[in-house]
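Step one of this worksheet: look at the structure below.
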Amino acid sequence: MLKGAIWDLDGTLLDSMSAWDHVGEIYLRSQGIEPEPDLNEIIATMSLQQAADYFIDYYGVKQTPDDLIKGAVAIVDDFYRYEAQLKPHAAKFLTQLHQAGVKMCIATAAERSLVETVLTRCGVLHCFSEIFTCTSVGAGKDEPAIYREAMKFLGTDRSNTIVFEDSLHALTTAKNDGFYVAAVYDEHEEHQDEIRRIVDCIITDYDNPEEFNKFIQGI
């Protein structure tokens with residue numbers, strides 16, 4: 001029986017990946033620094049803390065990691081505050097799980113302030129017991145720490161907990177650590193064939209999640 005759900009935010013619950021596409025480039029150029037051509041790919045799997053450390057070490061940015069993170073958050077703040085939307089029918093899907101007694105929390109690379117802002121505006125913050133960020137646990141999603149901390153908080157175990165993610169690297173991390181994983185389709189993730197090979201189920205439509213419903217019946 002499904003008892004716990006750990007949710008990524010960007011690309012999984014929100015149509016928001018485009019907001020982060022060029023944040024690193026925008027920030028560096030604001031500091032008079034020209035970014036390397038493949039910067040987006042390099043920092044794609046990093047937490048904000050790791051990206052800040054990379055900018056300091058590689059580019060010699062003369063700011064503290066905290067100031068760098070604040071600068072990045074400021075670039076996307078208005079988008080989360082006023083524009084970002086849940087994926088179609090995601091609110092209904094969350095509400096159904098919440099009403100069924102499934103305990104849920106957020107596990108994201110975004111900063112807590114952004115998460116609280118957008119989920120409050122979208123009317124679903126009450127569905128989640130806690131928000132875990134890569135910054136708060138001190139590790140990116142190339143490590144399973146954030147999923148372990150979330151599961152510990154929920155009081156569930158790997159036999160009844162599922163992780164919802166959209167990116168190959170995060171799904172791989174959670175799956176390799178023994179979690180059930182549900183891949184939520186997002187057009188910004190290019191590795192759909194690889195994702196389908198490793199996950200337990202795919203959600204392409206929150207209004208008609210047949211593969212997910214079939215899967216959880218067997219938990």
Side-chain angles (χ1 to χ4, degrees), residues 4-21 23-24 27 40 42-56 63-81 83-87 90 94 98 103-122 124-156 161-175 177 179 181-182 184 186 188-189:
I6 301 170
W7 285 91
D8 174 51
L9 184 71
D10 296 295
T12 302
L13 284 175
L14 296 181
D15 276 322
S16 54
M17 290 305 296
S18 60
W20 291 97
D21 281 349
V23 169
Y27 183 82
N40 289 340
I42 291 171
I43 65 175
T45 63
M46 295 182 184
S47 67
L48 287 176
Q49 180 69 48
Q50 290 169 326
D53 291 339
Y54 179 77
F55 283 8
I56 292 170
Q63 288 186 302
T64 66
D66 283 348
D67 286 340
L68 271 163
I69 291 170
K70 289 177 183 176
V73 170
I75 292 170
V76 298
D77 184 75
D78 279 354
F79 175 77
Y80 283 86
R81 192 173 300 278
E83 298 180 41
Q85 298 294 328
L86 292 173
K87 290 195 167 188
L94 289 170
H98 182 62
K103 295 184 286 185
M104 297 188 287
C105 62
I106 295 288
T108 178
E111 288 299 279
R112 186 184 185 98
S113 61
L114 298 179
V115 181
E116 292 176 338
T117 294
V118 70
L119 294 185
T120 297
R121 178 170 56 77
C122 292
V124 295
L125 183 63
H126 68 281
C127 292
F128 301 98
S129 302
E130 185 56 280
I131 297 166
F132 293 88
T133 71
C134 291
T135 298
S136 70
V137 302
K141 289 186 176 179
D142 54 342
E143 301 178 30
I146 194 166
Y147 306 120
R148 294 178 181 181
E149 287 294 316
M151 181 177 63
K152 180 179 179 181
F153 178 87
L154 293 175
T156 57
T161 306
I162 192 164
V163 173
F164 293 86
E165 287 276 3
D166 66 299
S167 68
L168 176 62
H169 80 274
L171 288 161
T172 300
T173 297
K175 185 65 176 177
D177 202 52
F179 285 92
V181 291
V184 178
D186 188 80
H188 282 78
E189 175 55 65

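Atoms considered below: every heavy atom in the structure, side chains included; atoms not considered: hydrogens, waters and symmetry mates.
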Under the rule for salt bridge (charged side-chain N to carboxylate O under 4.0 Å, His left out), what residues qualify as partners of [X], not counting sequence neighbours?
{"X": "K175", "answer": "D200"}
{"X": "R81", "answer": "D77"}
{"X": "D177", "answer": "R148, R158"}
{"X": "E116", "answer": "R112"}

Decide yes or no for [X] and [Y]: does some side-chain heavy atom of the first lie under 4.5 Å from some side-chain heavy atom of the second?
{"X": "H126", "Y": "H98", "value": "yes"}
{"X": "Q49", "Y": "P65", "value": "yes"}
{"X": "T161", "Y": "Y147", "value": "no"}
{"X": "L154", "Y": "I6", "value": "yes"}
{"X": "I106", "Y": "L13", "value": "yes"}
{"X": "E165", "Y": "T173", "value": "no"}

Non-neighbouring partners of H169 that pass ring pair (Phe, Tyr, Trp, His ring centres under 6.0 Å), sequence neighbours left out: none

Qualifying residues under ring pair (Phe, Tyr, Trp, His ring centres under 6.0 Å), relative to H188, sequence neighbours excluded: none

Shortest non-hydrogen contact from [X] toward [Y]:
{"X": "A110", "Y": "T133", "answer": "O-CG2, 3.3 Å"}
{"X": "A84", "Y": "L14", "answer": "CB-CD1, 4.5 Å"}
{"X": "I56", "Y": "T64", "answer": "CD1-C, 4.1 Å"}
{"X": "A174", "Y": "V181", "answer": "CB-CG1, 3.6 Å"}
{"X": "C134", "Y": "A109", "answer": "SG-CA, 3.7 Å"}
{"X": "I75", "Y": "V23", "answer": "CD1-O, 4.0 Å"}

By side-chain contact (heavy atoms from CB on, under 4.5 Å), which residues pair with [X], not counting sequence neighbours?
{"X": "A5", "result": "W7, V102, M104, I162, F164"}
{"X": "F153", "result": "S129, E130, F132"}
{"X": "L125", "result": "L119, T120, I131"}
{"X": "E111", "result": "L48, I69, V73, S113, T135"}

Pairs meeting criterion salt bridge (charged side-chain N to carboxylate O under 4.0 Å, His left out) with involvement of residues 5-18, two or more places apart: D8-K141

Selection residues 43-54 - residue pairs positive for salt bridge (charged side-chain N to carboxylate O under 4.0 Å, His left out), sequence neighbours left out: none

side-chain contact (heavy atoms from CB on, under 4.5 Å) assessment of L168 paired with E189: CA-CA 8 Å; L168 176 62; E189 175 55 65; 4.2 Å; yes

Side-chain donor or acceptor of K87 paired with backbone N/O of G11 under 3.5 Å: yes

Would you give the length of the straight line joining atom [atom1] of [X] to atom [atom2] of [Y], rounded to the nearest 0.5 angstrom?
{"X": "L86", "Y": "L94", "atom1": "CG", "atom2": "CG", "value": "7.0 Å"}
{"X": "K152", "Y": "C105", "atom1": "NZ", "atom2": "SG", "value": "13.5 Å"}
{"X": "D186", "Y": "S167", "atom1": "CG", "atom2": "OG", "value": "9.5 Å"}
{"X": "F79", "Y": "Q85", "atom1": "CZ", "atom2": "CD", "value": "8.5 Å"}

